[in-house]
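Heads up: the structure comes next, in structure tokens.
Hydrogens, waters and symmetry mates play no part in the numbers below; they use all other heavy atoms, side chains included. Both ligands and their constituent atoms are indexed starting at 1 by order of listing.
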Amino acid sequence: MSAPWTVVIPDRVTAPATVEEAVFGTRATVRALHATSAAELRGRIEDADAILAWHDIGWTADVLASLWQCKVIVRVGVGFDNVDLAAARARGIEVCNVPDYGTHDVADHALALLLGLARGLASNDRVARGGVWSWGLAPSFRLTGKTLGIVGLGRIGTATALRAKAFGMQVAYYDPYKPQGWDKALGLTCYRSLAELAAASDVVSLHVPLTQSTRGLVGAEFFAAARRGLVVINTARGPVLDWAAFTAAFRSGHVRCAGFDVLPAEPADPTDPLIRDWMAGAPDVRDRLLITPHCAFYSAEAVEEMRRKAAEEALRVLSGEPAWNSVLPLEAP
Ligand code: NAD
């Protein structure tokens, strides 16, 4: 196949797709459709050599069957559950993603939630806005010397660990998949069990993917082992935290405060009693629970990086080079 190729961005991006066009130059024509459903794609994607797919369209077997010559679908993001991988494989379409565009941003966000709680930012803002110019009215605590326990020392967990060290925190982790000696290389403490990490931590920050083994990983057993006054930060996925166990530990004061970018149900479920109290600004909840709407990955720079890296990945595959982030490596013919 020779250039110029046809690259289609079916959803989210409105023409001109300046970020992608800068990557492809004269090697491809970029078509940005800004569609919101598969039905809108009919007659507009069949000749695509590559698809840069966001998350509004489901790439079902039917939709994939309309692609005559597509070599690669790159998910502009991390998750690829909107692509039927078996159907893509059957059609010889490689599927890739962009796993690292938000590493800095999510780590910054985990620290922002922690700093927000430690310095009582939302509460002090409320106090000041109410016309009171004083201190000691919102809870604050010192980070220096405290121990941060990281659950899952991957890209984001490691970036969070390094940031926390700059704030004078001791950092420990639990990640059974890290090779021995990783703790030495990074100057961290490794615990071989989650309960040991819980017992050693003043703050715990979750950075594992949601899998069968991590669903409900931080639950009643974890809180029973944890110190009273634990701070919980979750920027990973809501269901990693057992919500009932967390609520009990939070209500009893065993958990001092928590910062969440992800929840078991998103958007936040107003029928959940704790969420209802948080929404209403209940006095025993408002200074202790900081929640953001699954925006940790977002920054203008992250979105630009995500789009650029997705386009670069497509260009690699079209040019016959190996993909860097294939989630569906195709067998050699
Ligand atoms: P990563 O794959 O680099 O790291 C995940 C780490 O978790 C790995 O080191 C792995 O060994 C470890 N792990 C897996 N199962 C474990 C278990 N049972 N116990 C302990 N450790 C375990 O992933 P990443 O790029 O660091 O991202 C981490 C997670 O952050 C993602 O899976 C995603 O759910 C979440 N995330 C959230 C946002 C957001 O906007 N809030 C954005 C991006 C990613």
Check: If you measure from CG on L67 to CH2 on W59, what distance do you get to the nearest 0.5 Å?
Finding: 6.0 Å
Next item on the list: Any chance you could measure D108, atom CG, to R163, atom CZ, to the nearest 0.5 Å?
Entry: 4.5 Å
Ligand 1-proximal atoms of [X], by part, heavy-atom distance under 4.0 Å:
X	result
L194	neither
H207	backbone
H294	side chain
Y298	neither

Does [X] reach ligand 1, in the sense of a heavy atom lying below 4.0 Å from it?
X	value
G102	no
K178	yes
D175	yes
V106	yes

Give the atoms of ligand 1, by number and element, whose distance to some non-hydrogen atom of [X] is under 4.0 Å.
X	value
Y177	11 (O), 13 (N), 14 (C), 15 (N), 16 (C), 17 (C), 22 (C)
S213	18 (N)
D261	39 (C), 40 (O), 41 (N)
P209	5 (C), 7 (O), 14 (C), 32 (O)
F297	40 (O), 42 (C)

Margin query: Check R256 with D202, please: is the shortest side-chain N to carboxylate O separation under 4.0 Å?
Written below: no
Just checking, any donor-acceptor pair under 3.5 angstrom between side chains of [X] and [Y]?
X	Y	answer
D84	T60	no
H294	T292	no
D272	W243	yes
S326	E94	yes
D105	S299	yes
E196	S193	yes
D49	Q69	yes

Item checked: Shortest reach to atom 44 (C) of ligand 1 by a heavy atom, considering only T214, L206, I156 -> I156
Margin query: Does ligand 1 come near enough to P176 that some N or O of the ligand is less than 3.5 Å from an N or O of the residue?
Written below: no
Specify the protein heavy atom at minimum distance from [atom]: its residue, its atom name, and the distance to 0.1 Å.
atom	result
atom 21 (N) of ligand 1	V208 CG1, 3.3 Å
atom 4 (O) of ligand 1	G154 CA, 3.2 Å
atom 35 (C) of ligand 1	A236 O, 3.6 Å
atom 1 (P) of ligand 1	R155 NH2, 3.8 Å
atom 33 (C) of ligand 1	R237 NH1, 3.8 Å
atom 37 (C) of ligand 1	T235 O, 3.1 Å

Notebook entry, point to check: Can you tell which of R316, R308, K309 makes a salt bridge (Lys or Arg N to Asp or Glu O under 4.0 Å) with E312?
Noted result: R308
Next item on the list: Kindly determine whether L114 and V231 satisfy side chain to side chain contact (heavy atoms under 4.5 Å, CB included), including the steps that lead there.
Entry: CA-CA 8 Å; L114 178 55; V231 179; 4.1 Å; yes
Item checked: Closest heavy-atom pair and its distance - L113, T235 -> CD1-CG2, 3.9 Å
